[in-house]
Amino acid sequence: MSNYTNSPCAACKFLRRKCTSDCVFAPYFPPEEPTKFANVHRIFGASNVSKILHEVAPHQREDAVNSLAYEAEARLNDPVYGCVGAISVLQRQVLRLQRELEETNADLMRYASCLGSETTSAYGGRRG
Amino acid sequence: MSNTKNIHKGLLERFLDLLLIALIIFMTLKGGTSGACAACKYQRRRCAADCPLAPYFPAEQPKLFQNVHRLFGVRSIVKILEKLDETQKPEAMKSIIFQSYVRDRSPVYGCLGVTQQLQYMIWLAEEELKAVNSQLQLYRSQPQNGQNQNQNHNNHNQMIHELGGDNKQQEDVTSQQLDLGMGLNVHNNQSNVVTPFFSPLLPVSETQQPQMSYTYSCSEVNNNGYSPPAYNTDSGKEILTNNNNVWGGQNRFLYNVNNGGGFSNQNESCHEMKSNNGVMAIQSQLVNLQMASNHQQVEEDEDAHEYDEIHQFLEIIDDRQSFADSKEAYASSSGGSLKEQIDEIGENELRSAATCFSLTSMN
């Protein structure tokens with residue numbers, strides 16, 4: 001954890017304040033990744049991020065920060081759709097695959113039912 | 001004389017009371033309908049005629065703005081809107097509202113969790129498709145060998161089961177609403193199934209049946225609920241290729257595994273999964289490869305359908321009735337009835353691509 005004797009975290013560097021030992025951002029915004037905090041701050045704001053971090057459990061904060069960083073970068077790259085564009089693309093893909101799976105399963109069932117009738121008739125023939 | 005005075009005084013007081021009541025009613029009506037938008041109401045300020053947020057946050061949907069305010073903040077929203085054209089603003093606000101809603105429902109993973117889960121579902125579907133296709137090939141190549149086909153069919157059933165469900169479950173997956181509330185029962189005891197995205201599926205506690213159920217309350221919504229636009233943006237695909245490579249490939253996201261559907265147990269179940277070593281970590285490089293190979297196929301289909309779907313989405317979002325109707329569904333979301341509500345929604349939801357969610361008032 002950064003404090004003022006060590007290198008301040010990226011958040012405190014960006015905000016130009018002293019990085020104390022209990023800085024909430026320090027574990028998740030290392031000084032080597034200044035862009036990460038810059039993006040998150042631009043889109044969400046430091047205070048919102050801080051509130052979100054306080055609302056989640058400590059062991060989940062890293063994941064929360066990473067997901068926020070992802071969303072922030074997505075929003076910067078695409079101010080209109082952000083990360084929702086990717087979700088939409090994926091959903092369409094899921095739909096397409098589901099349709100294809102249905103059709104293929106239907107084909108398979110047709111083959112299986114044909115096989116079933118052949119096997120039954122063959123077995124019945126042998127018995128009879 | 002004094003009686004007359006008293007009578008006049010009483011009448012005057014009554015008149016003043018009536019005037020006051022009329023004024024209060026007028027102010028209430030003003031604030032409740034054509035008055036302040038949800039954003040200005042929340043901030044307790046006068047809603048100007050040119051309020052930039054008023055078109056997107058109706059007064060009867062305060063929760064919408066609360067979610068957005070919690071995640072983005074007013075200043076950030078206004079800054080985003082200022083940089084956009086007039087035609088782009090409604091779309092941007094819809095995506096922002098959706099993103100905020102998702103974050104409200106899933107405070108840790110937000111939209112990234114949705115993305116990851118969709119990727120996993122795609123992988124599952126592709127694996128199953130490969131298995132089914134290989135089985136079909138066998139059938140086609142040996143049409144006269146009845147005995148072999150019977151055996152192969154049994155093998156196929158076993159394979160399907162191993163991949164995560166029997167036929168009944170497959171039907172459930174395909175028939176239920178294909179929104180972000182798709183649920184898959186993954187029986188996590190198949191150690192021979194190794195996914196490219198995850199570490200080998202480790203058995204969870206025997207008492208626990210992990211259920212990959214990312215059921216938003218969006219699935220509770222009525223048929224006219226809010227759907228995300230069918231975005232076909234280059235940046236959307238770019239995001240997919242860059243997914244999980246954002247910060248040095250160290251992103252390891254836990255799937256949100258719920259046992260009862262809904263997000264109420266999200267944090268708890270994640271914690272349980274961790275403690276039971278049932279953690280599935282996503283490998284970013286494999287995700288990128290997977291996504292890159294899928295993009296080209298998706299692109300052709302998307303171009304044809306994008307325009308129609310965006311228009312459909314615009315019609316849906318303009319239907320204010322949907323917000324009012326979905327209130328009841330949203331209110332009942334905290335229970336375990338999400339799956340039942342998913343099942344009720346029909347094929348139309350499939351066509352409208354999927355993410356419907358309820359934007360309702362919590363008041």
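On a predicted model such as this, the values are computed, not experimentally measured, just so you know. Lettering follows sequence order; numbering is per chain, from 1.
Atom CG of Leu118(B) sits about 13.5 Å away from atom CZ of Arg92(A), to the nearest 0.5 Å. A distance of 10.0 Å separates CD1 in Ile80(B) from CZ in Arg42(A), rounded to the nearest 0.5 Å. Atom CG of Asn105(A) sits about 6.0 Å away from atom CD of Glu128(B), to the nearest 0.5 Å. Rounded to the nearest 0.5 angstrom, Thr104(A) OG1 and Leu129(B) CG are separated by 5.0 Å.
With a 4.5 angstrom heavy-atom cutoff, Leu68(A) touches chain B via backbone and side-chain atoms both. Within the 4.5 angstrom heavy-atom criterion, only side-chain atoms of Leu84(B), from C-beta onward, approach chain A. At a 4.5 Å heavy-atom cutoff, Ile77(B) makes no contact with chain A through either its backbone or its side chain. No part of Arg75(B) comes within reach of chain A, as not one of its non-hydrogen atoms sits under 4.5 angstrom from that chain. With a 4.5 Å cut-off on non-hydrogen atoms, Ile43(A) touches chain B through its backbone and its side chain both.
Residues Asp107(A) and Tyr139(B) are not in side-chain contact: their nearest non-hydrogen atoms beyond the backbone lie 4.5 Å or more apart.
Although no hydrogens or angles enter the test, the distance criterion places a donor-acceptor pair under 3.5 Å between the side chain of Glu71(A) and the main chain of Cys111(B). Without hydrogens or angle criteria, Ser67(A) side chain to Val108(B) main chain gives a donor-acceptor distance under 3.5 Å. Between the side chain of Asn48(A) and the backbone N or O of Leu71(B) there is at least one donor-acceptor pair closer than 3.5 Å. Under a 3.5 Å cut-off, the side chain of Ser76(B) and the backbone N or O of Phe44(A) do not form any donor-acceptor pair.
In the model, Arg75(A) has a side-chain atom that pairs as donor or acceptor with a side-chain atom of Ser95(B) under 3.5 Å.
Taking Glu86(B) as the reference, Lys89(B) meet the salt bridge (charged side-chain N to carboxylate O under 4.0 Å, His left out) condition, with sequence neighbours excluded.
Counting non-hydrogen atoms of other residues, nucleotides and ligands closer than 6.0 Å to CZ of Arg17(A) gives a total above 12.
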Begin from the C-alpha positions of Arg140(B) and Tyr111(A) and carry the test side-chain contact (heavy atoms from CB on, under 4.5 Å) through to its verdict.
CA-CA 9 Å; Arg140(B) 283 172 183 157; Tyr111(A) 273 101; 3.0 Å; yes
